[in-house]
Amino acid sequence: MTLAFDGLPLEIDTRPAVLDQFTVDETGRPGSRPRGVVYPADHDQVLAVVRWARDSKTPLIARGAGTSLEGHLLARGDEVILDLSQANSILDISPTDFTATVQPGVTRTRLNTAAAEFGLQFTVDPGADASLGGMAATNASGTTTVRYGGMRANVLALQAVFADGTAARLGRAVRKSSSGYDLKDLLIGSAGTLGIITELTVRLHPIPEWIHSLRISFPTVAETVDAAVEILGMSLPVSRLELVDAPSMAAINAFRGTSYPESPALFIDTESSSAAAVTADEQEIQRIALTHGAVDIATARSFGERHALWEDRHNLYFAVKSCNPGRRFLITDTAVPFSQIATTVDTTARLGDEFGLHVTIAGHIGDGNVHTIVPYTESETQAAAQFSDRVVRHALGVGGTATGEHGIGLAKKKYLRAEHGPAVDLMTAIKRTLDPNGLLNPDKILDA
Ligand SMILES: Cc1cc2nc3c(=O)[nH]c(=O)nc-3n(C[C@H](O)[C@H](O)[C@H](O)COP(=O)(O)OP(=O)(O)OC[C@H]3O[C@@H](n4cnc5c(N)ncnc54)[C@H](O)[C@@H]3O)c2cc1C
């Protein structure tokens, strides 16, 4: 079916076999078949589609790489998917401004490949090869956030199309600004419910000359967490600080054929501009680890060694999947204050036992972000849901958040008021102002 928008002919694909691919996402939750899918390639085409949607009152779901984990992309059935994967040009890389300007469908690994030619990197790393638009829309973060921040810290400016068919540039390509209300940051994390991002200017960072990596095993989670907090407290220049529990290490061993100690561990990167400084920092990290009872310390200094060390951590999700064939997987994503990390990990493990589930716990501990991966069978569906609910309520009870980085989507909507109280009414008012007819990703974050 071909529709003409303001003279711009754009194909809407309505073939059932194609639409069926949009009925599931990474969560495995079932969604309904959307009405169609459209592939705009630039800002003007997005504008044209949104104006058509406004006039025909057709809801739209923006889509990047489709890796989100909270039902963000699932349709009710009346929506058209606005797939931005074709809007994928890198428009500019400025080595003097340390910025890149991209279309929203550019993936982070593509940007990194291009930036590396200038000795620069885009640091936000959610593990999956997500799109920059999707990462901004979920305020993604990841292993390097402890040093470089998540998307809010790294998106300087963006261009967006709103539900009324207008467009605006939000933010400026500068490191700081105190000018007006920060609408750029309002769009970041809004999951396609307030506007469609059609262009982003992001920060790039120099690739450090020297990086040393460590994998350090400890007898208990409490000692692992204490060591991590002391490393942070010493202001050591760590760019990654990840916690992996004993069952996770067992899964890694089974998947990778390794024989690492099956006890809690920290995966760490420390970086500097000189060999002497990075070595001194590495030694200080080892000293701190030993005072907290470290039982095994592996170091990786060459690119190849470091890559292999981080492959283990990055493959954790796939390791757990391969150890649990035929199961479905639930992932929790709470973030808590540092003082509550050890109790949170303990409580999570205890809840796993209580519900008879084999949970693995890992997290971006440098950000207080604790993930669990829960494999479950059909008959354990309810137990997994109850476990997840108790984990989230524990986090909220100790002053944390239901989601450190994955977002509210559909799955975590029920916790919004418990976390934000009357501020949810303010969020509703903002949504009504920007999208009065509820056309942009309806039912996500807030009820339609
Ligand atoms: C193995 C694995 C590991 C992961 N680890 C992490 C992690 O460490 N940290 C983390 O943050 N996430 C993680 N994720 C989740 C996921 O990668 C992130 O949520 C990512 O930011 C989603 O980007 P995407 O391009 O896939 O977006 P999509 O899934 O396509 O969309 C996500 C949301 O953004 C909206 N959206 C997409 N593009 C636009 C646009 N141009 N304008 C407006 N709205 C838009 C969509 O409507 C949707 O609501 C992980 C996922 C997997 C599968």
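When a ligand or atom number is given, it counts from 1 through the structure's own listing order. Only heavy atoms go into these numbers, but all of them, side chains included; no hydrogens, no water, no symmetry mates. Everything numeric here is computed off the predicted structure, so don't read it as measured data.
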Original post:
Can Arg35 and Asp13 be said to form a salt bridge (Lys or Arg N to Asp or Glu O under 4.0 Å), step by step?
Top reply: CA-CA 9 Å; Arg35 273 179 63 197; Asp13 198 332; over 6 Å; no

Subject >> Closest approach of any protein heavy atom to atom 28 (P) of ligand 1, naming residue and atom >> reply: Gly66 N, 3.6 Å

**OP:** May I have the step-by-step check of side chain to side chain donor-acceptor pair (under 3.5 Å) for Asp312 and Tyr260, ending in yes or no?
**Re:** CA-CA 11 Å; Asp312 295 332; Tyr260 306 135; 2.7 Å; yes

**OP:** Assess His406 for proximity to ligand 1: is some non-hydrogen atom of it under 4.0 Å away?
**Re:** yes

Subject >> Polar atom proximity, Tyr317 to ligand 1 (N or O, under 3.5 Å) >> reply: no

**OP:** Considering heavy atoms of the protein only, find what lies nearest to atom 25 (O) of ligand 1 and give residue, atom and distance to 0.1 Å.
**Re:** Ser131 OG, 2.7 Å

**OP:** Check ligand 1 against Met135 and write out every atom of the ligand that is under 4.0 Å from a heavy-atom position of the residue.
**Re:** 21 (O), 23 (O)

Original post:
Does ligand 1 have an atom that lies less than 4.0 angstrom from a heavy atom of Glu70?
Top reply: no

Subject >> Parallel, tilted or perpendicular: rings of Trp310 and His314 (30°, 60°) >> reply: tilted

**OP:** Just need the protein heavy atom nearest to atom 41 (N) of ligand 1, so name the residue and atom and give the distance.
**Re:** Ile197 O, 3.0 Å

Subject >> Close-contact set for ligand 1 against Thr138 heavy atoms, below 4.0 Å >> reply: 19 (O), 20 (C), 21 (O), 32 (C), 33 (C)

Original post:
Taking distance alone, with no angle check, do Ala191 and ligand 1 share an N/O pair under 3.5 Å?
Top reply: yes

**OP:** Give, for atom OG1 of Thr113 and atom CZ of Arg110, the distance between the pair rounded to the nearest 0.5 Å.
**Re:** 9.0 Å

Original post:
Considering only heavy atoms, does Lys444 approach ligand 1 within less than 4.0 Å through its side chain, its backbone, both, or neither?
Top reply: neither

**OP:** Begin with the C-alpha distance, continue with both residues' side-chain angles, and end with the deciding distance and a verdict on side-chain contact (heavy atoms from CB on, under 4.5 Å) for Leu214 and Ile285.
**Re:** CA-CA 9 Å; Leu214 300 101; Ile285 289 168; 4.3 Å; yes

Subject >> His364 neighbourhood, listing ligand 1 atoms whose heavy-atom distance to it stays under 4.0 Å >> reply: 8 (O)

Original post:
N/O to N/O below 3.5 Å, does that happen between Ser68 and ligand 1?
Top reply: yes

Original post:
Do ligand 1 and Ala65 have nitrogen or oxygen atoms that lie under 3.5 Å from each other?
Top reply: yes

Subject >> Any Gly195 heavy atom less than 4.0 Å from ligand 1 >> reply: yes

Original post:
Are any of the side-chain nitrogens in Asp25 or Arg63 under 4.0 Å away from the carboxylate oxygens of its partner?
Top reply: no

Original post:
Is there a donor-acceptor pair under 3.5 Å between the side chain of Arg51 and the backbone N or O of Gly165?
Top reply: yes

Subject >> Contact atoms of ligand 1, heavy-atom distance to Ala128 under 4.0 Å >> reply: 17 (O), 51 (C), 52 (C)

Original post:
Should you measure from each heavy atom of Gly192, which atoms of ligand 1 turn up under 4.0 Å away?
Top reply: 43 (C), 44 (N)

**OP:** Determine, for Asp333 against Lys412, whether the closest basic-nitrogen to carboxylate-oxygen distance falls under 4.0 angstrom.
**Re:** no

Subject >> Asn441 and ligand 1 - part of the residue with a heavy-atom distance under 4.0 Å >> reply: side chain

Subject >> For atom 15 (C) of ligand 1, the protein heavy atom that lies nearest, with its residue and separation >> reply: Thr67 O, 3.6 Å

Original post:
If every non-hydrogen atom of Gly192 is compared with every non-hydrogen atom of Leu440, which pair is closest and at what distance?
Top reply: O-CB, 3.3 Å

**OP:** Walk me through it: do Asn324 and Phe329 pass the test side-chain contact (heavy atoms from CB on, under 4.5 Å)?
**Re:** CA-CA 9 Å; Asn324 294 279; Phe329 298 89; 4.0 Å; yes

**OP:** Please confirm whether Ala137 comes within less than 3.5 Å of ligand 1 when only nitrogen or oxygen atoms on both sides are compared.
**Re:** no

Original post:
Between Tyr148 and His205, is the gap from one ring center to the other below 6.0 Å?
Top reply: yes

Original post:
With a 4.0 Å heavy-atom cut-off (strictly under), which part of Leu69 contacts ligand 1: side chain, backbone, both or neither?
Top reply: side chain

Original post:
Closest non-hydrogen protein atom to atom 48 (C) of ligand 1, residue and atom name please, with distance?
Top reply: His72 CB, 3.6 Å

Subject >> Side-chain donor-acceptor contact under 3.5 Å, Asn253 with Glu262 >> reply: yes

**OP:** Check whether any N or O atom of Phe318, backbone or side chain, sits under 3.5 Å from an N or O atom of ligand 1, and answer yes or no.
**Re:** no

Original post:
Within the structure, does Ala62 bring an N/O atom to less than 3.5 angstrom of an N/O atom in ligand 1?
Top reply: yes

**OP:** Take Ile373 and Val359, measure what side-chain contact (heavy atoms from CB on, under 4.5 Å) needs, and give me the verdict at the end.
**Re:** CA-CA 6 Å; Ile373 308 174; Val359 307; over 6 Å; no

**OP:** Using distance alone, determine whether Leu73 and ligand 1 share an N or O pair under 3.5 Å.
**Re:** no

Subject >> Identity and distance of the protein heavy atom lying nearest atom 23 (O) of ligand 1 >> reply: Ala130 CB, 3.3 Å

Original post:
With a 3.5 Å cut-off and no angle check, do the side chains of Asp125 and Thr144 form a donor-acceptor pair?
Top reply: no

Subject >> Distance-only donor-acceptor check, side chains Asp245 and Ser248, under 3.5 Å >> reply: yes

Original post:
Short list, please: which atoms of ligand 1 are under 4.0 Å from a heavy atom of Pro104?
Top reply: 41 (N)

Original post:
Among protein heavy atoms, which lies nearest atom 7 (C) of ligand 1, and at what distance?
Top reply: Glu405 OE2, 3.0 Å

Original post:
Mind checking whether Pro126 has an N or O less than 3.5 Å away from an N or O of ligand 1?
Top reply: yes

Original post:
Which residue and non-hydrogen atom of the protein lie closest to atom 27 (O) of ligand 1, and at what distance in Å?
Top reply: Gly134 CA, 3.4 Å

Subject >> Ser141, any N or O under 3.5 Å of ligand 1 N or O >> reply: yes

Subject >> Atoms in ligand 1 flagged as close to Leu84, the criterion being non-hydrogen separation under 4.0 Å >> reply: 40 (C), 41 (N)

Subject >> Electrostatic pair Arg147-Glu271, nearest N-O below 4.0 angstrom >> reply: yes

Original post:
Quick one: which ligand 1 atoms are inside 4.0 Å of a heavy atom on Ala140?
Top reply: 11 (O), 21 (O)

Original post:
If you count the non-hydrogen atoms of other residues, nucleotides and ligands that lie under 6.0 Å from CZ in Arg256, is the total more than 12?
Top reply: yes

**OP:** Using the six-membered ring wherever Trp is involved, compare the ring planes of His364 and His371 and label them parallel, tilted or perpendicular (cut-offs 30° and 60°).
**Re:** perpendicular

